[in-house]
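Accompanying notes for the structure given below.
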Amino acid sequence: MSRKSLSSLVILIVVLAFGLAPVLAQGDGGKFTFTGWSLQEGSTRDVIMGAVDAYSADTGAEIEPVAFPYNEYLNQVLLQARGSNITGLVQLDIAWLAPMAAMGVLKDLGPVASEVDYTDAALSSGQVNGVQYGLPWTTASIGMVANMGLLEEAGVTEIPTTIEEFEAALEALKAYDPDVIPYAAMTDTAQLKDIIPWIWTFGGTVIDDEGSVVLNDEGTIAAVEWYASLLDRGLIAADMDRFDARQLFAEGRVGFYEDAIVARALAAGTAPDSGIAENVVPVPRPVLNEGDAPQALLWGHILVVIDDENGDDAAAFAKYLTSDEDTVLNYFSQLALPPTTESALASDTVQSDEYVAQWSSGITATARTNPFWPYTEAAAMETAMNEQVQAVLTGSASAEDAMNEAHDEISDLID
């Protein structure tokens with residue numbers, strides 16, 4: 001090779017290495033779609049699209065956003081999957097993972113998840129039958145909150161940690177003001193799934209690890225009997241749903257109730273001039289015996305990936321969106337939705353918000369997924385249980401008879 005040719009080759013190598021590298025990088029991040037209901041809503045769309053744009057700038061990825069309204073979202077996504085018309089990354093409510101996984105179109109994200117310090121609770125929200133189909137985007141729980149100002153007026157100065165202390169607090173609230181609902185527990189039939197964590201609290205099992213229904217065990221019957229006794233004693237109210245509980249809590253007429261982590265924001269938005277937000281505190285569910293783990297139902301959003309030629313690129317973006325610390329902490333700061341990694345939860349940004357920090361460590365850390373969600377008949381199974389619990393609350397059936405009936409109905413649905 002001549003000296004001139006050699007010089008030309010060196011120049012070409014330098015140009016390729018330094019001059020054209022950014023151009024060659026374009027497209028390295030792949031080309032895929034990102035489907036989500038949050039991409040349609042103003043505040044969330046702006047935050048998420050900021051992350052999309054940042055990732056695209058760094059990797060050259062071409063990401064096409066696709067949005068459906070929340071109320072029709074699941075049907076649209078399942079319809080698209082059934083027709084093989086969906087690809088890339090898909091946002092899901094954790095309650096929707098099982099029917100999506102049953103379509104057989106999702107990529108196993110276990111290898112991706114193993115590279116990140118997601119919390120155990122967060123990881124469990126993305127699993128079906130032991131397979132990690134989803135990466136957790138935001139993980140919280142349906143937990144209990146208290147109006148601490150009202151409790152203190154009634155002489156309750158500390159958050160109850162046991163069932164015995166909880167009942168004493170409810171009795172104190174009732175004695176303080178008969179017009180106050182001590183605990184706005186869900187008693188409307190459609191929302192009686194809220195009894196599931198109480199069943200766990202009393203040592204009951206809804207569905208065991210082998211997939212057998214165990215709704216008529218001793219713990220379950222004890223929990224349902226106890227729940228009905230609260231109604232008999234006037235410590236909870238009949239026909240209570242989440243909307244009414246939120247409204248009454250914001251008005252200062254409820255001591256305790258259960259909601260998603262956004263309960264404080266909802267109360268502040270409902271009664272902005274009342275100062276209620278300053279008195280809202282998260283309450284780990286009282287336990288039967290000291291040392292037991294507080295029980296709660298998981299709540300949150302996950303990201304799943306369609307297993308096709310775009311899957312690896314979409315999975316890389318899902319990992320970024322759920323674990324890049326700057327990205328998830330910005331998501332938290334802007335939208336108050338907690339991150340899912342140990343490192344982000346331990347950050348000053350999250351820990352400085354005492355309400356979220358307490359909720360994450362005291363409620364979400366030991367929360368579990370709804371035991372009906374892995375089944376395609378989940379809605380019917382939940383309805384069967386709810387109706388039998390309602391029968392106990394109205395006095396038309398004993399807890400034992402009702403739970404035996406629920407056991408048989410749900411077992412038939414599984415079979």
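For clarity, every value in this text was computed on a predicted model and none was experimentally measured.
Ring-plane geometry between Phe166 and Trp226 is classed as tilted, the angle between the planes lying from 30 to 60 degrees on a 0 to 90 degree scale. The aromatic rings of Tyr227 and Tyr183 stand perpendicular to each other, their planes meeting at an angle above 60°, with 30° marking the opposite boundary.
Across every non-hydrogen atom of Ala121 and Ala365, the tightest pair is CB-O, 4.1 Å. Here the closest non-hydrogen pair linking Ile414 and Met381 is CG1-CE, 3.7 Å. Nearest heavy-atom pair across Gln351 and Ala357 is OE1-CB, 3.7 Å. The shortest heavy-atom contact between Val304 and Leu109 is CA-CD1, 4.5 Å. When all heavy atoms are compared, the tightest approach of Ala237 to Thr187 is O-OG1, 2.6 Å. The heavy-atom pair separating Gly134 from Ile302 by the smallest distance is CA-CD1, 4.3 Å.
Annotation for Glu290: atom CD does not count as buried by contact number, only 12 or fewer foreign heavy atoms lying within 6.0 Å. Counting heavy atoms of neighbouring residues, nucleotides and ligands inside a 6.0 Å radius, atom CG of Asp232 exceeds 12 of them. The environment of CD in Glu164 is sparse: at most 12 heavy-atom neighbours from other residues, nucleotides or ligands sit within 6.0 Å. Counting non-hydrogen atoms of neighbouring residues, nucleotides and ligands closer than 6.0 angstrom, the CG atom of Asn85 exceeds 12 such neighbours. For CD of Glu400, the number of neighbouring non-hydrogen atoms (other residues, nucleotides, ligands) closer than 6.0 Å is 12 at most. By the neighbour-count criterion of 12 heavy atoms within 6.0 Å, atom CD of Glu325 is densely surrounded, having more than that number from other residues, nucleotides or ligands.
Atom CG in Asp217 sits 9.0 Å away from atom NE2 in His407 (nearest 0.5 Å). One distance of note links OH of Tyr331 with OG1 of Thr44; it measures 6.5 Å at 0.5 Å rounding. Between Arg246 atom CZ and Tyr257 atom OH the span is 5.5 Å, to the nearest 0.5 Å. Annotation: the span from Leu192 atom CG to Asn386 atom CG amounts to 5.0 Å, rounded to 0.5 Å. Summarising the geometry, atom OG1 belonging to Thr35 is positioned 12.0 Å from atom CD belonging to Gln40; distances are rounded to the nearest 0.5 Å. Note that CG of Leu173 is 6.0 Å distant from CZ of Phe256, once rounded to the nearest 0.5 Å.
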query = Would Val206 and Ile199 count as a side-chain contact (heavy atoms from CB on, under 4.5 Å) if you check the C-alpha gap in whole Å, the side-chain angles of each, and the deciding distance to 0.1 Å?
reply = CA-CA 8 Å; Val206 179; Ile199 290 173; 4.3 Å; yes
inquiry  = Could you walk me through whether Thr201 and Gln295 satisfy the side chain to side chain donor-acceptor pair (under 3.5 Å) test, starting with their C-alpha distance in whole Å, then the side-chain angles of each, then the deciding distance to 0.1 Å, before giving a yes or no?
reply    = CA-CA 6 Å; Thr201 297; Gln295 301 297 319; 5.8 Å; no
inquiry  = Apply side-chain contact (heavy atoms from CB on, under 4.5 Å) to residues Val305 and Asn310 and explain how you reach the verdict.
reply    = CA-CA 9 Å; Val305 173; Asn310 302 307; over 6 Å; no
key: Derivation of the side-chain contact (heavy atoms from CB on, under 4.5 Å) call for Leu150 and Val180   = CA-CA 9 Å; Leu150 180 58; Val180 163; 4.0 Å; yes
key: side-chain contact (heavy atoms from CB on, under 4.5 Å) evaluation trace for Val128 with Trp373   = CA-CA 9 Å; Val128 174; Trp373 285 350; over 6 Å; no
message = Go through it in stages, so that I can follow the logic: the residues are Ser38 and Gln91, the test is side chain to side chain donor-acceptor pair (under 3.5 Å), and I'd like the CA-CA distance, side-chain angles, deciding distance and then a yes or no.
response = CA-CA 8 Å; Ser38 294; Gln91 177 188 14; 2.9 Å; yes
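You'll find the ring centres of Phe317 and Trp137 outside the 6.0 Å limit. Taking the ring centroids of Phe202 and Trp198, they lie at or beyond the 6.0 Å cut-off. The six-membered or imidazole ring of His301 lies away from that of Trp96, with a centre-to-centre distance of 6.0 Å or more.
Val281 is listed as a side-chain neighbour of Ile159, based on a closest heavy-atom distance under 4.5 Å. By the 4.5 Å heavy-atom criterion applied to side chains, Val283 and Val145 are not counted as neighbours. Inter-residue side-chain proximity for Ile94 and Leu298 is flagged as met; some heavy-atom pair is nearer than 4.5 Å. Residues Leu248 and Ile181 have side chains in contact (heavy-atom distance under 4.5 Å, counting atoms from C-beta outward). Using a 4.5 Å heavy-atom threshold, the side chains of Ile196 and Pro371 count as touching. Within the 4.5 Å cutoff, no side-chain heavy atoms of Ile236 are placed close to those of Pro182. With a 4.5 Å cut-off on side-chain heavy atoms, Ile306 and Met100 count as touching. Residues Ile276 and Asn147 meet the side-chain proximity criterion, which asks for heavy atoms closer than 4.5 Å.
A side-chain donor from one of Tyr320 and Thr327 sits under 3.5 Å from a side-chain acceptor of the other. Side chains of Thr87 and Asp308: a donor on one and an acceptor on the other come within 3.5 Å. If you check the side chains of Asp401 and Gln388, you find no donor sitting under 3.5 Å from an acceptor. Tyr73 and Asn71 form no side-chain donor-acceptor contact under 3.5 Å, judged by distance and modelled atom types alone. No side-chain donor from either of Ser56 and Glu62 sits under 3.5 Å from a side-chain acceptor of the other. Tyr133 and Gln127 are not linked by any side-chain donor-acceptor pair at a separation below 3.5 angstrom, with hydrogens and angles left out of the test. If you check the side chains of Glu64 and Thr33, you find no donor sitting under 3.5 Å from an acceptor.
Proximity of a side-chain donor or acceptor of Asp208 to a complementary backbone N or O of Ser212 within less than 3.5 Å is detected. Glu342 contributes no side-chain N or O that, together with a main-chain N or O of Tyr118, makes up a donor-acceptor pair within less than 3.5 Å. No donor-acceptor pair closer than 3.5 Å links the side chain of Thr322 to the backbone N or O of Leu135. Within the 3.5 Å criterion, the main-chain N or O of Gly60 finds no donor-acceptor partner in the side chain of Asp28. The closest donor-acceptor contact from the side chain of Ser141 to the backbone of Trp299 lies at 3.5 Å or more, if one exists at all. Using a distance-only test at 3.5 Å, with no hydrogens or angles considered, a donor-acceptor pair links the side chain of Arg242 to the main chain of Glu258. At distances below 3.5 Å, not a single donor-acceptor pair connects side-chain atoms of Thr220 with backbone N or O atoms of Asn216. In terms of modelled atom types and a separation under 3.5 Å, the side chain of Ser347 and the main chain of Ala344 share a donor-acceptor contact. Of the possible polar contacts, none joining the Thr139 side chain to the Pro136 backbone as a donor-acceptor pair under 3.5 Å is found. Here the side chain of Asp292 pairs a donor or acceptor atom with the backbone of Asn289 at under 3.5 angstrom.
A salt bridge links Asp353 and Arg264; the closest N-O separation between the charged side-chain nitrogens and carboxylate oxygens is under 4.0 Å. We find that Arg253 and Asp179 are not joined by a salt bridge, their nearest charged nitrogen and carboxylate oxygen being 4.0 Å or further apart. Using a 4.0 Å cut-off between a side-chain N of Lys or Arg and a carboxylate O of Asp or Glu, Lys107 and Asp312 qualify as a salt bridge.
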